[in-house]
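In this text the structure is predicted, and so the values were computed from the model without any measurement.
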Amino acid sequence: MKNYTTLLFDADGTLLDFDACEDDALKETFRYYGYPYNEQIKRAYSAINKELWSAYENGEKTREDVIYSRFGKLFQQLQIDDDGIAFANTYLAALSRGHQVIPDALEVISTLAKSFDLYIITNGVIQTQYRRLKESKLQSWFQDVFISEEIGYRKPQKEYFTTCFARIKEKDPNKLLLIGDSLASDMQGGFHAGIDTCWFNPKQLSNEHSLPITYEIRQLKELYNIVGGSI
């Protein structure tokens with residue numbers, strides 16, 4: 001068992017239950033504008049959103065492109081004649097109020113914080129992430145929060161991690177462990193940055209690109225088996 005001192009946690013999908021927050025925010029926003037919302041609409045939005053964020057991670061689109069084009073694309077599919085940008089702003093406000101957490105997240109983080117330096121690494125949006133982390137009661141356990149919009153780079157870019165590492169107390173990369181749910185941004189980013197990775201994979205997805213991953217877990221409590229010697 002390696003002697004880690006510092007744990008880097010992704011936010012959405014790892015600690016924050018983004019699926020639940022997103023669904024609530026979409027329901028609220030569609031209801032506010034007087035439009036129906038159902039599973040078909042949710043799937044259509046999810047496909048568009050996933051494609052756009054993938055393009056962002058690959059450097060093909062900016063964060064603003066993603067945020068302010070996704071509802072316009074959805075409205076084209078649904079044949080809705082409305083302002084996708086205004087809709088997006090209403091949605092972001094609703095999303096910032098959602099702070100549901102992944103099962104066991106608070107217990108695991110509060111326990112690990114006794115023995116490790118903890119940091120948040122996220123590609124999320126500033127106006128939503130800080131509020132959600134604070135209201136979920138997660139933020140107080142972390143030394144710092146690194147949001148791509150503030151950093152100027154995004155996961156999985158090596159520059160993102162280089163900037164984060166400059167602000168982290170531990171300078172030995174062998175003592176860092178990254179925990180995240182995304183293969184594309186978290187596992188790929190950690191690999192390029194030269195640090196160990198732990199894939200939080202509760203849905204038991206396949207490692208479709210055969211990325212080199214140090215550990216894989218289904219539940220957050222399984223982290224104790226990886227770093228438990230120091231707890």
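In this structure, E22 does not pair ionically with K42, as no charged nitrogen and carboxylate oxygen lie closer than 4.0 Å.
For F146 and Y119, the gap between ring centers is short of 6.0 Å.
For the 3.5 Å distance criterion, the side chains of Q100 and D19 fail to qualify, holding no donor opposite an acceptor. A donor-acceptor contact closer than 3.5 angstrom is absent between the side chains of N225 and Y215. A side-chain donor-acceptor contact under 3.5 Å links D82 and Y35. Side-chain contact, D65 with T62: a donor N or O sits under 3.5 Å from an acceptor N or O.
Closest approach of S136 to L106, counting heavy atoms only: O-CD2, 3.6 Å. In this structure, D186 and T197 approach most closely via the heavy-atom pair O-CG2, 4.4 Å.
Between L220 and I102 the shortest side-chain heavy-atom distance falls below 4.5 Å. With a 4.5 Å cut-off on side-chain heavy atoms, L178 and M187 count as touching. Contact of the Y224 side chain with the K221 side chain is registered, since non-hydrogen atoms from C-beta on lie closer than 4.5 Å. Residues K155 and E57 are not in side-chain contact: their nearest non-hydrogen atoms beyond the backbone lie 4.5 Å or more apart. Looking at heavy atoms from C-beta onward, L177 lies out of side-chain contact with I195 at the 4.5 angstrom threshold. Side-chain contact between Y56 and E64: absent, with no pair of heavy atoms (C-beta onward) separated by less than 4.5 Å. By the 4.5 Å heavy-atom criterion applied to side chains, W53 and R70 are counted as neighbours.
Among T128, T122, N123, the one residue that satisfies the side chain to side chain contact (heavy atoms under 4.5 Å, CB included) test with V125 is T128.
Listed by chain and residue number, R167 satisfy the side-chain hydrogen bond (donor to acceptor under 3.5 Å, both in side chains) test with D144 (two or more places apart in sequence, or in another chain).
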Could you go step by step and tell me if Q129 and D12 meet the side chain to side chain donor-acceptor pair (under 3.5 Å) rule? CA-CA 9 Å; Q129 294 303 72; D12 288 313; 3.2 Å; yes

For side chain to side chain donor-acceptor pair (under 3.5 Å), just list the numbers for Q77 and Y45, CA-CA rounded to whole Å, side-chain angles, deciding distance to a tenth of an Å, and then say yes or no. CA-CA 10 Å; Q77 285 191 22; Y45 170 79; over 6 Å; no

Under the criterion side chain to side chain donor-acceptor pair (under 3.5 Å), I'd like the reasoning laid out for Q157 against R154: C-alpha separation, chi angles, the key distance, then a yes or no. CA-CA 6 Å; Q157 289 180 304; R154 65 193 174 279; 3.3 Å; yes

Could you give me the CA-CA distance, side-chain angles and deciding distance for L133 and H99, then say whether side-chain contact (heavy atoms from CB on, under 4.5 Å) is met? CA-CA 7 Å; L133 287 168; H99 53 268; over 6 Å; no

What pairs of donor and acceptor atoms, side-chain ones from residues 85-94 against any protein atom, are under 3.5 angstrom apart with sequence neighbours left out?
from	atom 1	to	atom 2	distance (Å)
N89	OD1	Y68	OH	2.8
T90	OG1	Y33	OH	3.0
T90	OG1	A86	O	3.1

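Annotation for K171: atom NZ counts as buried by contact number, over 12 foreign heavy atoms lying within 6.0 Å. Counting heavy-atom neighbours within 6.0 Å of Y37 OH, excluding the residue itself, gives a total above 12.
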